[in-house]
Student: 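What follows is a structure written as structure tokens; I'll ask about it next.
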Protein chains: 2
Amino acid sequence: MPRPAPKVSDQPDQDSGTSQHDRRSQAMRARICRAAIACLDRYGYAETSFARVQEKAGVSRGAITHHFPSKQALVAATALVLLSKALEPARNRDSSDAPMPVHALILASWDSVVNSAGGRAMVEILSACRSDRALHALLADKLHDWDRQSRRSITRHYVGTDAEDAELLWSIARSFLRGLILHEQFTADPAYLGRMVERFARMMETQLHLRPPG
Amino acid sequence: MPRPAPKVSDQPDQDSGTSQHDRRSQAMRARICRAAIACLDRYGYAETSFARVQEKAGVSRGAITHHFPSKQALVAATALVLLSKALEPARNRDSSDAPMPVHALILASWDSVVNSAGGRAMVEILSACRSDRALHALLADKLHDWDRQSRRSITRHYVGTDAEDAELLWSIARSFLRGLILHEQFTADPAYLGRMVERFARMMETQLHLRPPG
DNA sequence: ACTTACAAACAGAACGTTCGGTCTGTAAAC
DNA sequence: GTTTACAGACCGAACGTTCTGTTTGTAAGT
């Protein structure tokens, strides 16, 4: 028995990243995913090709195909990066800091999550999931998990009219903000989107409230 | 002066369709667009190719390229078909019939407009407009016109807290319903979407009301 | 400590397929 | 007889994927 079996999983272990191989590898993956986000935002899922990502990231073709066996695998990995980012605004309020008021939470979600390169890339990915079976197979479970996590995170700090109302309302808010990205095609005035967010936040704070302490 | 100049506009005149040529032509265009809607729904914008539409419509390649010089032109024409359909639920209430209550209006918009093959196709088109410059050029003005028309149609029958509030709220509702199409990727339970629509409608009817008669 | 073995990390050429667009040919309407 | 409405072959480009090198880190044997 000469040596240990080579790593099979493409999901790196918790304690990996210590060796030079792993560190280089992770850095390359992150670099490629960052380029993929930019391409998804600018060109959309269909026009996001290996060639485009390769150019944007400044890496070789082989580097991409080595880490991601297919286009779907690349986009799925990129989606996981985006999802973990999208959980942060709620997560950093979990422990010591006080949660934001509903109005501020919605405005912040729009400004720093949905209406950003990452947010627009995520819309592209969700849209692609509808028709790309391979992508759907790679992402469906992860999206369901993330959704559960997001809803649980909200009910910890906010309440509606009953127990499950808060998560229902927050799902509504997420849907609205996502739809707003597409609404940009209907109006030439970008400020109108801001007015919509503001009005929506005003409506939401009549239904969703900070959970009273204790 | 031998004959009138050949048709240039892809928008048929009001009084056309009388000759056999025109009737056949319009029927073919409608047939192709109907197939395009099905393809956009099932395969998405990127995978909606001439070959797919050709197969779905049961026509030759030449028939498509004859009526639509480019893929973008085909999709743009399809979008116009969908937009005119999406205006109907509000339009048939314009004259004799009484407008629907807010709650019913939202549920009806979801069931018969957004959550249908046409509604999902429209989401694909709006998403594609973000990155496809040629498609954007063909559709931007039409979308802006449609948006104005939709907002005007709403303010005729509904009121919010002030003059422009109703159209703001209706734009919000449209964005939410659109975003809901993409939310389907987050939950394995399709009934959850229905609960979201119901809850949203309940929230909306506290802000948007039927215009009092007179 | 030095060699050897080997797998992972790239690099880049090559592949077959499919795409959107064009181009020629034919039949029917006007 | 001229134009329109199709039919279908054809083309170059771009796509995702696969393949064959080359380099590099690292652990095992000596």
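These numbers come from the heavy atoms of this one structure, side chains and all, not from hydrogens, waters or symmetry mates. Predicted, not measured: the structure shown is a model, and the values here were computed from it. Here is the naming used below: chain letters follow the sequence lines, and residue numbers restart at 1 for every chain.
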Student: Can you run down the salt bridge (charged side-chain N to carboxylate O under 4.0 Å, His left out) pairs that involve residues 110-120 of chain A, sequence neighbours left out, and say none if there aren't any?
Tutor: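 Sorted result for residues 110-120 of chain A: A:Asp41-A:Arg120.
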Student: Among the candidates C:dG21, D:dC6, C:dA8, find the nucleotide nearest to the side-chain atoms of B:Ser70.
Tutor: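 My answer, after comparing the listed nucleotides, is C:dG21.
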Student: Can you tell me which residue pairs pass the salt bridge (charged side-chain N to carboxylate O under 4.0 Å, His left out) test with a partner in residues 165-187 of chain B, sequence neighbours excluded?
Tutor: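 Output for this query lists A:Arg199-B:Asp165, B:Asp147-B:Arg174, B:Arg151-B:Glu167.
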Student: Taking only the side-chain heavy atoms of A:His67 (C-beta and beyond), determine which of C:dC10, D:dT17, D:dC6 contains the nearest atom.
Tutor: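 Within the option list, the nearest is C:dC10.
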Student: With a 4.0 Å limit, can you tell me whether B:His66 has a side-chain N or O closer than that to the phosphate oxygens OP1/OP2 of D:dA7?
Tutor: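 Answer no for this pair, as no side-chain N or O of B:His66 is under 4.0 Å from OP1 or OP2.
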Student: The criterion is ring-ring contact (aromatic ring centres under 6.0 Å, His included); which residues satisfy it with B:His66, sequence neighbours excluded?
Tutor: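 Applying ring-ring contact (aromatic ring centres under 6.0 Å, His included) to B:His66 gives none.
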Student: Sugar-phosphate atoms are those with a prime plus P, OP1 and OP2; base atoms are the rest. Using that split, label each nucleotide of nucleotides 11-16 of chain C B, S or - for protein heavy atoms under 4.0 Å, 5' to 3'.
Tutor: BB----
Student: How would you list, by chain and number, every residue that makes a salt bridge (Lys or Arg N to Asp or Glu O under 4.0 Å) with B:Glu164, sequence neighbours excluded?
Tutor: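 Scan of B:Glu164 (salt bridge (Lys or Arg N to Asp or Glu O under 4.0 Å), adjacent residues dropped) gives A:Arg195.
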Student: Could you work out which one of D:dT17, C:dG20, C:dC19 sits closest to the side chain of A:Phe50?
Tutor: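 From the listed options, D:dT17 comes nearest.
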Student: For A:Asp132, give me all partners under side-chain contact (heavy atoms from CB on, under 4.5 Å), at least two apart in sequence or on another chain.
Tutor: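 For A:Asp132, the residues satisfying side-chain contact (heavy atoms from CB on, under 4.5 Å) (neighbours in sequence not counted) are A:Tyr45, A:Gln72, A:Ala134, A:Leu135.
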Student: In this structure, are over 12 heavy atoms from other groups packed under 6.0 Å from B:His136 atom NE2?
Tutor: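 Counting neighbours around NE2 of B:His136, 12 or fewer heavy atoms of other residues, nucleotides or ligands fall under 6.0 Å, so no.
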Student: Between A:Ser49 and D:dA14, does any side-chain N or O lie under 4.0 Å from OP1 or OP2?
Tutor: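 Checking A:Ser49 against D:dA14: no side-chain N or O falls below 4.0 Å of OP1 or OP2.
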